[in-house]
Structures are given as structure tokens and as C-alpha cells.
Protein chains: 2
Amino acid sequence: MKELEKKELDFLLNSIRDIKDFPKQGIVFKDITTLLNNKEAFGLLMNHLHDRYKDSKIDFVAGIESRGFIFGSALATKLNVGFVPIRKKGKLPFTTIGAKYSLEYGVDEIEIHTDAFRDIEHANVLLIDDLIATGGTANAAVNLIKTAKANCVDACFLIELRFLEGVKELLKHTSVYSVLKI
Amino acid sequence: MKELEKKELDFLLNSIRDIKDFPKQGIVFKDITTLLNNKEAFGLLMNHLHDRYKDSKIDFVAGIESRGFIFGSALATKLNVGFVPIRKKGKLPFTTIGAKYSLEYGVDEIEIHTDAFRDIEHANVLLIDDLIATGGTANAAVNLIKTAKANCVDACFLIELRFLEGVKELLKHTSVYSVLKI
């Protein structure tokens, strides 16, 4: 497994755009669309993740709606494994397991299908999302994977916002890999 | 370019699950999660699409939120091109172009970033979504691609619901390929 070099990390970092005051005043939003539409940056990222996980005996990649779908599905395809969507409440059509998590104001819920991991017992699942902030969604997602009787091999993020310390709680339940720590 | 054989089409079709009365009474929902988490089915589909488009000089794959992200991003990675998300109104953080379309009751809107196709003039874009029903979203998406001064090479769907005739209007603006016609 090859770590990314400093210049590669800088290239990925510089391909992400900061948008001030989105979605609301005071927030600097990390716009990943400028990484996705840059085939060199997107290719570098996906090749790196493929290289990192190709020998980890992953059975499924699970991605969190909706930016996690983008990275998760691309990686599942490269690893030649199945992809499992974790969605906002009410979006998945079959029977589901739900997990609630706290927002700044109020509560939200994500769901996974009860048969998401088919008939594979203790499947090895790689969880992926674009960004970890306070970690509420990620913790709920790991909870869902475990409740569905699978094993969360790693929780992988393109961006970790270090000052929010979202990884601290998550590390009690799974190992974590963030490509870029900001 | 190799067409899918009858048994391959049947395999893909059988890997999609019908859910009655979702999201509301009287609708039979096509659940694609059972195709996605089946690595043989997902792999067959993505290899077929890669084979179909690998010589089409595609510059970008554009996927419609949110199931179109799953197929679009996987295909962009296989083709080694950039991925462009087309999102519901208010979700994209930079300056956008919007296109409205009619729903059964009311109007909805999708958006694309003004710089989605970077500095490539008349970029060749493959549009992808999981399903075409009445075609409202797909027509709006083709409209967005053209307004952003790019060329829609093909609009590609996993599933076409033939009785809704959504392709009829779409064919006036782009060529169309549906893997499964139901």
C-alpha cells in the first residue's frame, strides 16, 4: 500500500473549492465538484483508494447519501464488489433499519435495507463519505452496518475537518482513514 | 461494441426488485439496490456501459441526483473522465444554471454548476440516470447540458418504462440508450 506523496495531497487539496457562507452565513463549504470534474484529481483519488483497499477482503462498499454515493460507487466498481446505499429516512423502498443522529438543531435519521449485505454472514464493509465534520452521520452509519450484522472494516473520508473532532467518537467503533485532514 | 445477450439482460432484470405501493399506493417501484449489491450484476452492467462508450470520446459523465450519481460516477471512473453532478435546486454551492420540469402535482427544478465542464469547449457529455419514466427530469438535464455549452452525446438509462413514453420527447434533443426496456 502506497501513501500519497505531499505533492499529490496538495494537488487533491487544491482541486477542492472553498465556498464562503454556504449553505449559511459563517460556514466555509468544501466544494468537491471541482475535484470530481477534474479527471486527473478524481483518477488519482480513486486509484489511491483502490490501492489502499484492494487486499482488505472488502465484500461491500457502503456510501452515505448523496456525495458518499459518488465515491462509494466508483470504489465498489474498481474493487469489483457490491455497492450499498445508506439513505435519508423514507428513501429506501424495502424493509429498513434506521439510526437517528443529532444535528445542530434537531434530529435526523438514516436507513439501510435489512438485506443490504445479502446472505453473506459478517460481511466486510467499507464505509465511505466525502467529509467528516462532527461525525454524527458517520457514527449512525457504522451503527447501521453493525446492526445489519456486518463488520465495518474502515470508515473512509475524503476530507476530515480536524477542529470538529468527529473522528474521536468514531474511533471507538471502527478504524478511520481520512485522505485529507484540514 | 457488444450488445448484451438475452440471458445477460434477463440476469440484470431479475436482479431488480419490484416494490408494490412505493412511494405511494398504486406505484410499482423498481428497487435497484438488489442489483447494486450483487457484484456480478453491477459488474456486468458497468462493464457493458464501459464497452459501449469507451470509444465515444466522452469528456464527462453527468449523473442526476441521487441514483444517477451511483451509475454515473462508477462509469466516469471506468472511462477515466470527470464526473458532473446534476442536483436538486439549492444543493450546489457555486453559481448554477437551473431548469424547471413538471411533476404530477407542481414543478421541480434541477441545477448544474456554470463551470461544470471546466474550460473544455463543446465538451462531450454522457448523461446517465437509473430510470426514465415521463422524462421530465431527463429533458431538463439535457437542457442544462446544452445551456452550459456542452454536447449531450447520449442519454443513458438502466431502465426505461416504455408505457410512459418519456423517450419520445427526449429523442428530439439527444440520442438515447436504455439498457432494459420494461
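None of these values were measured; they are calculated from a predicted model. Only heavy atoms go into these numbers, but all of them, side chains included; no hydrogens, no water, no symmetry mates. Below, read A as the first sequence line, B as the second, and so on, with proteins coming before strands; counting in each chain starts at 1.
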> Which residues in residues 131-166 of chain B have a heavy atom less than 4.5 Å from any heavy atom of chain A?
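Result: none.
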
> Is there side-chain contact between A:Lys172 and A:Lys168, with at least one heavy-atom pair below 4.5 Å?
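The answer is no, as the side chains (C-beta and beyond) never meet within the 4.5 Å cut-off.
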
> Sequence neighbours excluded and cut-off under 3.5 Å, please list the side-chain donor-acceptor pairs for residues 27-34 of chain A, or say none.
from	atom 1	to	atom 2	distance (Å)
A:Lys30	NZ	A:Asp18	OD1	2.7
A:Asp31	OD1	A:Thr33	N	3.0
A:Asp31	OD1	A:Thr33	OG1	2.8
A:Asp31	OD2	A:Arg17	NE	3.0
A:Asp31	OD2	A:Arg17	NH2	2.9
A:Asp31	OD2	A:Thr33	OG1	3.3
A:Thr33	OG1	B:His113	ND1	3.1
A:Thr34	OG1	A:Ser15	O	2.8
A:Thr34	OG1	A:Arg17	N	3.4
A:Thr34	OG1	A:Asp31	O	3.2

> Should A:Phe42 and A:Asn37 count as side-chain neighbours, where that means a heavy-atom distance under 4.5 Å?
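A side-chain contact is absent here, since even the closest heavy-atom pair is not under 4.5 Å.
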
> So do B:Asn38 and B:Phe11 actually touch side chain to side chain, heavy atoms under 4.5 Å?
yes

> Non-hydrogen atoms of chain A under 4.5 Å away: do they reach the side chain of B:Ala116, the backbone, both or neither?
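For B:Ala116, the contact with chain A is made by the backbone alone.
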
> Please report the shortest heavy-atom distance between A:Gly26 and A:Asp21, naming the atom on each side.
N-OD1, 2.7 Å

> Taking C-beta and beyond as the side chain, do B:Lys2 and B:Glu8 meet within less than 4.5 Å on heavy atoms?
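The answer is yes, as the side chains (C-beta and beyond) meet within the 4.5 Å cut-off.
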
> Strictly less than 4.5 Å between heavy atoms, which residues of residues 72-101 of chain B line up against chain A? Please order them by number.
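Residues of residues 72-101 of chain B touching chain A at under 4.5 Å: B:Ser73, B:Ala74, B:Ala76, B:Thr77, B:Lys78, B:Asn80, B:Val81, B:Gly82, B:Phe83, B:Val84, B:Pro85, B:Arg87, B:Gly90, B:Lys91, B:Leu92, B:Pro93, B:Phe94.
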
> So which of A:Asp51, A:Leu49, A:Asp55 actually passes side chain to side chain contact (heavy atoms under 4.5 Å, CB included) with A:Tyr53?
A:Leu49

> Need one label for B:Ile70: side chain, backbone, both or neither, based on atoms under 4.5 Å from any heavy atom in chain A.
both

> Going by heavy atoms in the side chains, are A:Phe60 and A:Ile120 under 4.5 Å from each other?
yes

> Counting C-beta onward and ignoring hydrogens, is there a side-chain heavy-atom pair between A:Val179 and A:Leu12 closer than 4.5 Å?
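A:Val179 reaches A:Leu12 side chain to side chain.
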
> State which residues pass side-chain hydrogen bond (donor to acceptor under 3.5 Å, both in side chains) with B:Lys6; sequence neighbours excluded, sorted by chain then number.
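Residues passing side-chain hydrogen bond (donor to acceptor under 3.5 Å, both in side chains) with B:Lys6: B:Asp10.
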
> Can you tell which of A:Arg118, A:Glu40, A:Glu65 has the highest number of heavy-atom pairs within less than 4.5 Å of chain B?
A:Arg118

> Is it the side chain or the backbone of A:Asp115 that comes within 4.5 Å of chain B heavy atoms, both, or neither?
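Looking at A:Asp115, backbone and side chain both touch chain B.
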
> When you measure from the centre of the six-membered ring of B:Phe69, is the NZ or CZ of A:Arg67 under 6.0 Å away and within 45° of the axis?
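No cation-pi geometry.
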
